[in-house]
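Have a look at the structure below, then the notes.
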Amino acid sequence: MQEEYRTVAREGVHEIEISRSRFICALAPAATEEEAQAFLARVRKEHPTARHHCWAYVLGADGSVQKASDDGEPGGTAGVPMLQMLLRRDMRYVVAVVTRYFGGVKLGAGGLIRAYGGVVGEALDELGTVTRRRFRLATVTVDHQRAGKLQNDLRATGREVREVTYGEGVRIGIGLPEADVEGFRAWLADTTAGTAVLELGGEAYGDA
């Protein structure tokens, strides 16, 4: 499993014009192929008169799913350079759709490759990227008397409190880097005089 990956910070649009052709790049995070295809369908609906909607996406923290389409542009001049730009920037879980309104001037294969790859790169620069790091989900159960101070101590040491559930005891959900698990176990025992219980759960990715 990858320790971390980068993805686009938010959904957004960036446009350039080359020889009267408009290239509109829409970028969005996508967790699955269904999400990527739904985003493509939405962009098509927003631009029903455009000649081309070329697209590319990279899914999986290790980039295991990579797909692209030229959507009627000459083979290899649109989807592939878009995909290459996403990979060059180490992007994951992201979909890019470039809508082109033809301006009447042919750009040639080289011009198209530069335009489609370039507008994706510029869109990434404009929207920004975030790094997500792998961590272990964990739950700390502690008595009500110690819960408030423990939450403060967790935040003070830079550990994210994901959720808090109140019952007989207080259950505090956190995320831990794998390498930090044993050190955290010792810290928790010391901080709560051995009264807290730590349960480890599955793995997930969160903001680094």
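For reference, positions follow the sequence shown, starting with 1.
- Nearest approach of V119 to C25, heavy atoms of both residues: CG2-CB, 3.7 Å.
- One side chain, T129 or R6, offers a donor N or O that lies under 3.5 Å from an acceptor on the other.
- Between H53 and H47, the two ring planes are tilted [angle within 30° to 60°].
- Rounding to the nearest 0.5 angstrom, the gap separating the CD atom in E203 from the CZ atom in R134 is 4.5 Å.
- Taking each heavy atom of G175 and F135 in turn, the nearest pair found is CA-CD1, 3.5 Å.
- A 4.5 Å side-chain heavy-atom check between E199 and T141 finds at least one atom pair inside the cut-off.
- Under the 4.5 Å side-chain contact rule for hydrophobic residues, V197 and Y166 do not share a cluster.
- Remark: F184 pairs with W187 by the ring-ring contact (aromatic ring centres under 6.0 Å, His included) rule, at least two apart or across chains.
- Looking at every heavy atom in both residues, R92 comes nearest to G63 through NE-N, 3.3 Å.
- Heavy-atom contacts from other residues, nucleotides or ligands closer than 6.0 Å to CZ of R44 number more than 12.
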Tabulate below the donor-acceptor pairs under 3.5 Å that side-chain atoms of residues 82-89 make, not counting sequence neighbours, or state none.
from: R89; atom 1: NH1; to: D125; atom 2: OD1; distance (Å): 3.0
from: R89; atom 1: NH2; to: G121; atom 2: O; distance (Å): 3.4
from: R89; atom 1: NH2; to: D125; atom 2: OD1; distance (Å): 3.3

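- Y57 and L124 sit in two unconnected hydrophobic clusters of ILVMFWY residues. Membership requires side-chain heavy atoms under 4.5 Å apart, directly or through other members.
- Atom CD of Q145 is separated from atom CG of L150 by 13.0 Å, given to the nearest 0.5 angstrom.
- From T191, atom OG1 reaches atom CZ of R146 across 10.0 Å, with rounding to the nearest 0.5 Å.
- Under the 4.5 Å side-chain heavy-atom criterion for Ile, Leu, Val, Met, Phe, Trp and Tyr, Y93 and V120 are members of distinct hydrophobic clusters.
- L127 is not connected to Y5 by any chain of hydrophobic side-chain contacts under 4.5 Å among Ile, Leu, Val, Met, Phe, Trp and Tyr, and they are in different clusters.
- Results of the side chain to side chain contact (heavy atoms under 4.5 Å, CB included) test with R159 over D153, V140, L176 single out L176 as the only residue that passes.
- In this view, R185 and V181, E182, L198, L200 satisfy the side-chain contact (heavy atoms from CB on, under 4.5 Å) rule, not counting sequence neighbours.
- Linking Ile, Leu, Val, Met, Phe, Trp and Tyr residues whenever their side-chain heavy atoms come within less than 4.5 Å leaves F102 and L107 in two separate clusters.
- In summary, the side chains of D71 and S69 do not present any donor paired with an acceptor at a separation below 3.5 Å, with no hydrogens or angles considered.
- The line from CZ of R136 to CD1 of I174 is 11.5 Å long, rounded to the nearest 0.5 Å.
- The distance from the CG atom of L154 to the CG atom of L188 is 7.5 Å, given to the nearest 0.5 Å.
- Taking every heavy atom of both residues into account, A9 and V130 meet most closely at CB-CG1, 3.9 Å.
- Under the side chain to side chain donor-acceptor pair (under 3.5 Å) criterion, T49 pairs with no residue, sequence neighbours left out.
- For the pair L137/R162, a side-chain contact is recorded, criterion being any heavy-atom separation below 4.5 Å from C-beta on.
- Residues K149 and N152 form no side-chain contact, since every pair of their non-hydrogen atoms from C-beta on lies 4.5 Å or further apart.
- Side-chain atoms of V58 and M91, non-hydrogen and from C-beta on, never get closer than 4.5 Å to each other.
- Nearest heavy-atom pair, A26 versus V43, reported as atom, atom and distance to 0.1 Å: CB-CG2, 4.0 Å.
- Using a 4.5 Å heavy-atom cutoff, the side chains of R100 and C54 are not in contact.
- The side chain to side chain donor-acceptor pair (under 3.5 Å) test applied to R42 returns E11, not counting sequence neighbours.
- Residues that satisfy the side-chain contact (heavy atoms from CB on, under 4.5 Å) test with R22, not counting sequence neighbours, are E15, E17, I24, Y101.
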